Amino acid sequence: MSAILSIKEMKKSFGSLDVLKGIDLEVKESETIVILGASGSGKSTMLRCINFLEMPTSGEIHLNDELVGTVRGKGENTNITYRESDLCSLRTKVGMVFQQFNLFPHMTVLENVMEGQVTVLKRKKIDASNRAKEQLGKVNLLDKIDQYPSHLSGGQQQRVAIARALAMDPKVMLFDEVTSALDPELVGEVLQTIRSLRDEGMTMLLVTHELGFAYHVADRILFLHEGQILEQGTPQDILFHSKQARTKEFLKGHAAFSLPNPETD
Amino acid sequence: MEFSYNWDFNSILFNWDVLAHGLLVTMQISAITLTAGLGFGFFLGLGRYSRLQIFRFPSNVFVELFRNVPALVVIIWFFFAFPIISPFEVDAFTAACLAISVNTAAFSADIYRAGIQSISPHQWEAGRALGMPYLTILRRIVFPQAIKRVIPPLTSRGIEAVKLSTLASVIAVNELLYSAKQLSAIHFNPIEAYTAVALIFFMIIYPLTRFSYFLERRLGHSD
Ligand SMILES: Nc1ncnc2c1ncn2[C@@H]1O[C@H](COP(=O)(O)OP(=O)(O)OP(=O)(O)O)[C@@H](O)[C@H]1O
Ligand SMILES: [Mg+2]
């Protein structure tokens, strides 16, 4: 099985609100998956369940064919429990970048990128620093390493956040609307960073409203509706030949994003 | 009505050593209650913030109890009631230190808690997403940011504790106020004695207050 990440029947409820109603997904190594869906359809919740920032109510997640969590009970009554240490080690393998950057304001750019490496992966300071610089170089921020986040533009902060996640050497990266909080002129530099990650073969799941970008980077697009994957396929399938009324309706709402012409592209 | 009072500060100056000793005891009480109160308050604050009921419940009871009973009542209680219901001998000095510490701890606990809670949940999330365990996030991400926000209110709390030390005089602890009372009983100069005490306190506390304003401005600006 070549799936690096495999999700089976993943459900999530908040009290009586069923947000995810059974997600099944196999993610192949180096695959880039874009998740689309209306506000409230559960996109963020899905990503957050994959790295256990939220605990799934039920279902299984396998990373590299290993089940995350421990199965308790027998027969009908099996349930999965999680230990903090297991979750922490899982989270180092699944990196996540948020809409709001969430850099640590009391640390410099370099320290931000070193922090997880030193405190979690127990790397030596010198190694962590080298790794951080390598990663910051890739996002073109080597000249900012001694700055504090508050002195950077939103686009620069987001690129630091990406470098911070990548420095942990994750197997999979999750991006939750990472350009939504940016001024329009800063969106490009962040998308460019993600695109080059894709070219390097990183496995990625991203939630975005940038349909043009999705068209160009996605190997597969999922359309999420009310906590279920309503439709999935290639960007062509979903963006131009969608079979579902809900998807079409959603895409219409995004007419402002001019889609590339399918004939010429 | 005759309004010419004959100020007699000589009896104060000749007995300066009595007040100096009182001042020393005041300083001792302050030092002990600041250390114990602000230190213990930190753990109480964590307890109140904890997700675990076994930490949260006792911390809450402690804080609510000692925030809502006047410090003076607690001092008297520790001195007269505590020794009866417990096997420990408690002298006046210890009783006063205990009571003021406990009061300071209860009030500072909420300063610490508010400081921790003032840090955005997004910071926690960023730490967790990197695989950092709870305590590492507290230590590396939350505390360093919270400390700036708690230092100014903690300084005010510390100043309050120094003022509270005068309450120890009601159970005859030889601190500054009580020393003045003794002086005035011997030399019949209560006005001068208490004036001296007021001046001494002002000279100690005013700079501290200025310092706390300074901290507030300094730390408020830096982020
Ligand atoms: N911690 C929570 N507690 C209760 N309800 C929640 C929580 N997080 C999300 N929800 C609910 O779950 C549903 C899905 O939320 P989610 O954030 O996953 O949607 P989304 O698809 O990411 O939407 P958006 O495009 O607005 O970001 C919403 O109805 C939301 O109110
Ligand atoms: Mg969302």
Side-chain angles (χ1 to χ4, degrees), chain A residues 44 47-48 50-55 83-107 111-122 128 148-151 157-158 160-170 172-176 181, chain B residues 38 42-43 45-56 111-155 214-223:
Chain A
S44 297
L47 289 193
R48 294 164 56 82
I50 292 175
N51 74 345
F52 295 89
L53 286 181
E54 301 288 357
M55 296 300 148
R83 284 189 313 167
E84 191 190 27
S85 57
D86 291 344
L87 295 183
C88 286
S89 91
L90 168 99
R91 291 191 191 115
T92 66
K93 294 178 199 133
V94 181
M96 182 152 187
V97 183
F98 306 89
Q99 185 174 339
Q100 300 295 342
F101 330 138
N102 302 348
L103 294 181
F104 305 131
H106 58 300
M107 297 181 187
E111 287 164 348
N112 261 279
V113 184
M114 288 172 64
E115 182 63 20
Q117 300 185 62
V118 174
T119 59
V120 181
L121 301 179
K122 311 289 179 207
Y148 283 89
S150 56
H151 294 168
Q157 291 190 47
Q158 193 59 296
V160 174
I162 293 173
R164 180 174 69 177
L166 290 173
M168 305 294 285
D169 297 319
V172 177
M173 284 287 291
L174 311 174
F175 294 87
D176 191 359
Chain B
L38 296 182
F42 174 74
F43 292 100
L46 277 187
R48 238 156 118 71
Y49 180 75
S50 173
R51 298 167 299 180
L52 300 177
Q53 186 73 16
I54 44 161
F55 291 127
R56 213 169 52 231
I111 296 176
Y112 289 113
R113 185 189 62 159
I116 295 173
Q117 278 177 338
S118 74
I119 304 304
S120 145
H122 287 150
Q123 289 288 305
W124 283 91
E125 212 151 78
R128 287 165 69 208
L130 287 172
M132 298 168 83
Y134 182 82
L135 287 177
T136 309
I137 300 177
L138 262 187
R139 194 167 50 81
R140 300 283 310 172
I141 310 299
V142 175
F143 288 162
Q145 295 183 64
I147 188 124
K148 280 186 184 174
R149 302 186 190 176
V150 300
I151 281 180
L154 280 186
T155 316
F214 166 78
L215 282 180
E216 209 156 321
R217 251 176 299 127
R218 211 23 223 286
L219 298 174
H221 271 310
S222 61
D223 66 10

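Lettering of chains follows the sequences in order, A, B, ..., and the numbering in each one begins at 1. Here the structure is a predicted model, which is why all the values come from computation and not from measurement.
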Chemist: Within a 6.0 Å radius of atom OH on Y134(B), are there more than 12 heavy atoms belonging to other residues, nucleotides or ligands?
Modeler: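 Yes - once you tally the heavy atoms of other residues, nucleotides and ligands closer than 6.0 Å, there are more than 12.
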
Chemist: So which residues of residues 112-124 of chain B are in contact with chain A at a heavy-atom cut-off of under 4.5 Å?
Modeler: H122(B), Q123(B)

Chemist: So do E125(B) and R48(A) actually touch side chain to side chain, heavy atoms under 4.5 Å?
Modeler: yes

Chemist: Can you give me the closest heavy-atom contact between P105(A) and Q145(B), atom names plus distance?
Modeler: CG-OE1, 3.1 Å

Chemist: Side chain from CB out, backbone as N, CA, C, O: work out which of these in V94(A) comes under 4.5 Å of a heavy atom of chain B, or both, or neither.
Modeler: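 Looking at V94(A), just its backbone touches chain B.
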
Chemist: With a 4.5 Å limit on heavy-atom distance, are the side chains of E115(A) and M132(B) in contact?
Modeler: yes

Chemist: Using a 6.0 Å cut-off, check whether atom CZ of F143(B) has over 12 heavy atoms from anything other than its own residue.
Modeler: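 Yes, the 6.0 Å shell around CZ holds more than 12 heavy atoms from other groups.
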
Chemist: Evaluate the side-chain proximity of R128(B) to N51(A): yes if any heavy-atom separation is below 4.5 Å, no if none is.
Modeler: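 N51(A) vs R128(B): side chains apart.
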
Chemist: For the residue pair G131(B) and C88(A), what are the closest heavy atoms and their distance?
Modeler: O-CB, 3.2 Å

Chemist: Would you say that more than 12 heavy atoms from the other residues, nucleotides or ligands in this model lie under 6.0 Å from the CZ of R56(B), or not?
Modeler: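 Atom CZ in R56(B) is packed in, count exceeds 12.
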
Chemist: Roughly how far, to the nearest 0.5 Å, is the CG atom of N102(A) from the CD1 atom of I141(B)?
Modeler: 11.0 Å

Chemist: Relative to chain B, which segment of F104(A) carries a heavy atom at a distance below 4.5 Å: side chain, backbone, both, or neither?
Modeler: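 Both parts, backbone and side chain.
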
Chemist: Looking only at heavy atoms, what is the nearest atom pair of A126(B) and F98(A), with distance?
Modeler: CA-CE1, 4.1 Å

Chemist: Using 0.5 Å steps for rounding, measure from the CG atom of L135(B) to the OG1 atom of T119(A).
Modeler: 12.5 Å

Chemist: Which region of L121(A), side chain (C-beta onward) or backbone (N, CA, C, O), has a non-hydrogen atom less than 4.5 Å from a non-hydrogen atom of chain B, or is it both or neither?
Modeler: neither

Chemist: Y148(A) versus chain B, heavy atoms under 4.5 Å apart: side chain, backbone, both or neither?
Modeler: neither

